[in-house]
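Residue numbers start at 1 and run along the sequence shown. For ligands, and for the atoms within them, numbers begin at 1 and follow the listed sequence.
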Amino acid sequence: KVIGVDLGRIDIAHTSEGKNWNGQQLNRVRDHYSRLRAALQRKASKGTRSSRRRCRELLQRLSGKERRFQTWVNHRISKAIVSRAKATNSAIALEDLTGIRERVNQQPRSKTERRRANSWAFYQLRQFLEYKARVAGVSLVLVPPAYTSQTCHKCLHIHPDPAQSYRSGKSFKCGHCGWEGDADLNGANVIALLGAVVNQPRGPGLFCSLVEQNRLRATESPLRTA
Ligand SMILES: [Zn+2]
């Protein structure tokens, strides 16, 4: 059994079992800090010399607090995912994003991926997951990230027009089998499927058919439909 985890797209993390952590609480805390920072910066630009210094010190303490909060959130999420995997005797599958910055000419969502690959909070969450999985003896599988967000996990179809996608923001609607639902849940399920195949020495050919489908898609004219 494999639990697929889609990280940092719209939700912070979304598992193939449907568990998700959204960024709402995190955003509220960030907004709170950014308001405080703005007020302090205004204060720091005027006032006496000593009050300006006090404001600068406070600003520094704030950025440390914000970081620690983010770290705490990442600890909590990774702990929950790894304990669930251990309890259900499952492996965890994540997208392999190493070298994402170097890779060019990838898929349409490369801009999002660059942001995700460059964010320290996102990087930290991956590190925590890898570390906690190793400590707990849970195996962790990395899968190729190409098309995980655009493939339907039910029928493995991708939109025949490369310029379009079945995914639109938070929702996914397959034009082939009609599956409709949360886009991150779909992504997590594709990751789980790929993880299950990668985990076996010789898979049932799911991965190959996906690759084949992508290859066909790349050569297909936009007018021809699947
Ligand atoms: Zn489908």
Side-chain angles (χ1 to χ4, degrees), residues 1-23 81 84-85 88 90-97 100 103 105-117 122 126 129 140-226:
K1 221 188 127 197
V2 177
I3 298 177
V5 186
D6 197 7
L7 290 177
R9 242 182 280 269
I10 291 168
D11 291 330
I12 301 174
H14 204 122
T15 74
S16 52
E17 293 183 321
K19 183 129 181 63
N20 74 307
W21 291 265
N22 65 45
I81 293 174
R84 174 71 188 159
T88 55
S90 311
I92 295 173
L94 299 177
E95 287 174 299
D96 183 3
L97 297 180
I100 209 79
R103 245 177 281 164
N105 193 19
Q106 271 276 322
Q107 52 271 11
R109 63 162 216 242
S110 62
K111 207 199 273 174
T112 321
E113 270 187 352
R114 271 205 303 279
R115 179 179 59 73
R116 295 197 300 156
F122 173 68
R126 292 180 65 90
L129 271 171
L140 193 127
V141 191
L142 295 178
V143 306
Y147 300 106
T148 47
S149 70
Q150 295 165 55
T151 308
C152 171
H153 78 280
K154 280 280 174 210
C155 69
L156 302 179
H157 266 259
I158 296 170
H159 201 291
D161 180 354
Q164 289 184 57
S165 171
Y166 293 144
R167 178 187 184 129
S168 152
K170 190 80 182 108
S171 61
F172 188 99
K173 191 176 189 304
C174 179
H176 187 257
C177 75
W179 186 85
E180 222 178 309
D182 185 282
D184 283 343
L185 174 65
N186 179 67
N189 271 291
V190 175
I191 293 168
L193 285 172
L194 287 170
V197 179
V198 172
N199 220 7
Q200 293 161 2
R202 267 165 300 166
L206 169 67
F207 179 61
C208 290
S209 75
L210 248 177
V211 168
E212 182 70 6
Q213 203 179 1
N214 292 342
R215 196 183 57 76
L216 280 176
R217 185 186 179 222
T219 54
E220 238 172 26
S221 105
L223 292 173
R224 215 190 313 152
T225 50

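- A salt bridge is absent between Glu95 and Arg126; no separation between the charged side-chain nitrogens and carboxylate oxygens falls under 4.0 Å.
- In this view, Ser90 and Thr88 satisfy the side chain to side chain donor-acceptor pair (under 3.5 Å) rule, not counting sequence neighbours.
- No side-chain heavy atom of Cys155 sits under 4.5 Å from any side-chain heavy atom of Trp179.
- Scanning for side chain to side chain donor-acceptor pair (under 3.5 Å) contacts around Asn186 gives His153, with sequence neighbours left out.
- Distances from the Zn ion (ligand 1) under 2.8 Å pick out these protein N/O/S atoms: Cys152 SG, Cys155 SG, Cys174 SG, Cys177 SG.
- Asp182 is linked by a side-chain contact (heavy atoms from CB on, under 4.5 Å) to His14, Lys170, Asp184, Leu185, counting only residues two or more places apart in sequence or in another chain.
- Between Ile81 and Trp21 there is a side-chain heavy-atom pair separated by less than 4.5 Å.
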